[in-house]
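For reference, the structure discussed in these notes is given below.
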Amino acid sequence: MSTAPVPASTTRYPGGCLQPVLLRGRVDHIDGATGELLHRYTTAHELGGVLLIACKTRRASQCPPCAEVYRADTYQLIRAGLSGGKGIPDTVATHPCVFTTLTAPSFGPVHLHREKDGRILRCRPRRHSRTCPHGRRMSCATRHSRDDILLGEPLCPDCYNYTGSVLFNACAPELWRRFAITLRRALARQAGLTNKALAAQVRVSYAKVAEYQRRGVVHFHAIIRLDGPAGPTTAPPSWATLALLTAAIDQAARTVHLDIPAAPHLPARTLTWGRELDTRPITTTGKLTDNKVAAYVAKYATKAAECTGTLDRRVTPADQLDGLPIREHARRLIAECLRLSKLPGLADLRLAAWAHMLGFRGHFSTKSRTYSITLGALRADRAAYQREQAIAAGLMPDLAADSTLVLAQWHFAGRGLPLTTAPGLVNPPPGDQRDGSHREGVGDVA
Ligand SMILES: [Zn+2]
Ligand SMILES: [Zn+2]
Ligand SMILES: [Zn+2]
């Protein structure tokens with residue numbers, strides 16, 4: 001995570017955003033019946049003549065204050081699905097619910113941090129270590145600390161399966177989709193029901209987050225919960241137990257696969273989840289509590305692939321791969337994305353566009369429709385609260401929504417903090433203000 005200091009002068013901006021969008025324009029409130037102008041807001045009276053809109057990124061490496069808002073919202077959303085609140089009944093806490101981690105398989109040995117009872121273990125001790133065809137020893141007796149830069153680096157980069165790693169990332173969202181379908185079928189089979197009969201009695205709800213491992217592959221952490229047919233407001237049938245859910249997850253994770261057909265310079269292969277599967281119940285007390293899980297998922301929702309030492313932006317054709325300031329392992333993964341992107345049959349994976357993400361182009365946090373409330377609902381609540389506050393403070397007119405027309409006219413006026421208020425932070429040069437990208441309509445940007 002970036003630790004760029006937040007200039008004190010930014011605290012008055014929306015959420016302290018470091019890279020706000022600047023807008024110039026006005027909003028008129030007009031009486032729908034008489035056409036009378038009731039109220040006008042114009043940015044002419046704002047500092048620098050512009051209104052600042054928070055960038056609202058989820059990524060902590062790009063804008064820490066906005067990512068913090070995203071993290072807090074995600075925490076509330078995840079927690080409501082575990083213990084209730086925000087309109088979700090607290091009886092949801094009694095539904096069978098687990099936290100499961102679906103890992104990627106091995107693509108070759110990498111340096112590891114291992115711990116047991118608070119002691120750091122040796123990385124890969126082997127009494128009779130073999131040597132790879134490139135003459136490198138396939139063992140490592142080092143006790144790597146948590147922040148060792150060697151973590152995730154292959155013992156032999158020339159043996160490492162870069163093709164498999166990149167294809168796994170690219171296909172992980174599809175593998176998850178198949179897992180979710182197979183899980184429902186496995187539940188039906190264990191309960192002795194048809195798929196249709198299962199759907200009439202049980203709904204499987206989930207929320208998941210993708211996390212990059214240091215070796216450059218994603219794995220998924222998922223909260224999986226069994227509800228009654230209408231979601232969290234209805235109780236699941238008594239036969240839908242924690243044990244049944246755990247067994248069905250295990251079965252689904254071990255059977256799901258995805259066949260990639262052969263292409264020129266690329267043999268056919270079958271992608272599966274890794275052998276390591278960790279499924280644990282979530283409870284209100286004990287080791288894995290609702291608060292812990294919500295904090296964990298929310299933390300990973302604000303991250304991308306930073307820990308792998310890759311690029312924080314897309315790779316462009318102008319980039320010289322050799323000259324990019326990235327880890328050697330990440331460079332090879334990116335190079336493999338670019339190589340595979342040119343092969344016929346793999347165009348759908350869009351590996352060149354997602355090379356900086358080492359092939360993964362999925363969403364970082366997703367949830368099923370009935371898991372909990374939505375981020376949109378949380379944001380709408382906040383906007384309504386801010387509007388009430390603004391009206392109470394006399395900053396906005398309190399007009400009847402059904403009889404008032406709101407006419408907004410906005411012009412894009414740049415990106416970043418205005419130079420007049422935050423010296424040192426970059427504004428686009430006058431020629432790059434793209435003032436012509438002009439948005440007009442009925443609405444409100446608050
Ligand atoms: Zn921001
Ligand atoms: Zn090692
Ligand atoms: Zn080797």
Side-chain angles (χ1 to χ4, degrees), residues 1-7 9-23 50-74 106-116 119-127 129-165 213-216 301-304 309 312-313 327-329 332 336 375 379 382-383 386 412-418 421-422 425-428 445-446:
M1 196 180 97
S2 161
T3 50
V6 180
S9 62
T10 63
T11 48
R12 77 184 83 148
Y13 297 125
C17 178
L18 297 183
Q19 48 178 19
V21 173
L22 310 181
L23 296 180
V50 287
L51 180 69
L52 286 79
I53 306 293
C55 74
K56 295 193 176 97
T57 183
R58 67 166 188 90
R59 294 180 57 174
S61 61
Q62 291 184 352
C63 179
C66 285
E68 176 52 25
V69 173
Y70 189 93
R71 189 203 58 76
D73 280 356
T74 304
S106 170
F107 298 107
V110 298
H111 293 280
L112 297 171
H113 167 85
R114 299 196 300 138
E115 244 182 62
K116 196 179 178 187
R119 274 181 50 241
I120 301 180
L121 303 180
R122 292 183 193 280
C123 172
R124 290 179 174 275
R126 298 279 183 277
R127 198 167 296 162
S129 77
R130 59 181 182 87
T131 310
C132 82
H134 309 97
R136 296 185 178 108
R137 277 182 58 187
M138 288 288 111
S139 66
C140 171
T142 310
R143 299 176 200 270
H144 297 292
S145 64
R146 266 178 201 286
D147 52 2
D148 194 325
I149 51 161
L150 268 179
L151 292 184
E153 290 285 326
L155 266 55
C156 175
D158 296 318
C159 283
Y160 196 77
N161 181 359
Y162 284 96
T163 313
S165 175
Q213 293 183 299
R214 293 282 284 257
R215 60 181 169 135
T302 66
K303 293 187 185 300
D312 203 18
R313 58 161 176 86
R327 251 174 73 189
E328 202 48 43
H329 184 51
R332 288 186 75 148
E336 187 61 8
L375 280 178
R379 287 174 187 146
R382 186 159 52 234
Q386 284 166 347
F412 176 70
R415 190 96 201 245
L417 295 171
T421 53
L425 287 151
V426 188
N427 253 9
V445 292

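If you're wondering where the values come from, they're calculated on a predicted model, not measured in any experiment. Every number for a ligand or one of its atoms is a count from 1 in the order of the listing.
For the pair Thr74 and Ala301, the tightest heavy-atom approach, listed with the atom from each and the gap, is CG2-CB, 4.0 Å. Closest non-hydrogen pair, Leu417 versus Cys17, comes out as CD2-O, 3.8 Å. Shortest non-hydrogen contact noted between His113 and Ser145 is ND1-C, 3.7 Å.
Looking at His134, its N, O or S atom nearest to the Zn ion (ligand 3) turns out to be ND1.
Formation of a donor-acceptor pair under 3.5 Å by the Ser165 side chain with backbone atoms of Asn161 is not found in this model. Here the side chain of Arg215 pairs no donor or acceptor atom with the backbone of Glu153 at under 3.5 angstrom.
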*Between Leu112 and Leu121, is a side-chain contact (heavy atoms from CB on, under 4.5 Å) present by the stated rule, with each step listed?*
CA-CA 9 Å; Leu112 297 171; Leu121 303 180; over 6 Å; no

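The distance cut-off of 2.8 Å around the Zn ion (ligand 1) captures these protein N, O or S atoms, sorted by chain and number: Cys17 SG, Cys55 SG, Cys63 SG, Cys66 SG.
Partners of Arg71 by salt bridge (charged side-chain N to carboxylate O under 4.0 Å, His left out), not counting sequence neighbours, listed by chain and number: Glu68. Considering only residues two or more places apart in sequence or on other chains, Arg124 meets the salt bridge (charged side-chain N to carboxylate O under 4.0 Å, His left out) condition with none of them.
Ring planes of Tyr162 and His329: tilted class, angle from 30 to 60°.
Remark: Arg143 does not engage Asp148 in a salt bridge, criterion side-chain N to carboxylate O under 4.0 Å.
Taking the Zn ion (ligand 3) as the apex, the angle formed with SG of Cys132 and SG of Cys156 is 110°, to the nearest 10 degrees.
Each protein N, O or S atom less than 2.8 Å from the Zn ion (ligand 2) was counted, giving 4.
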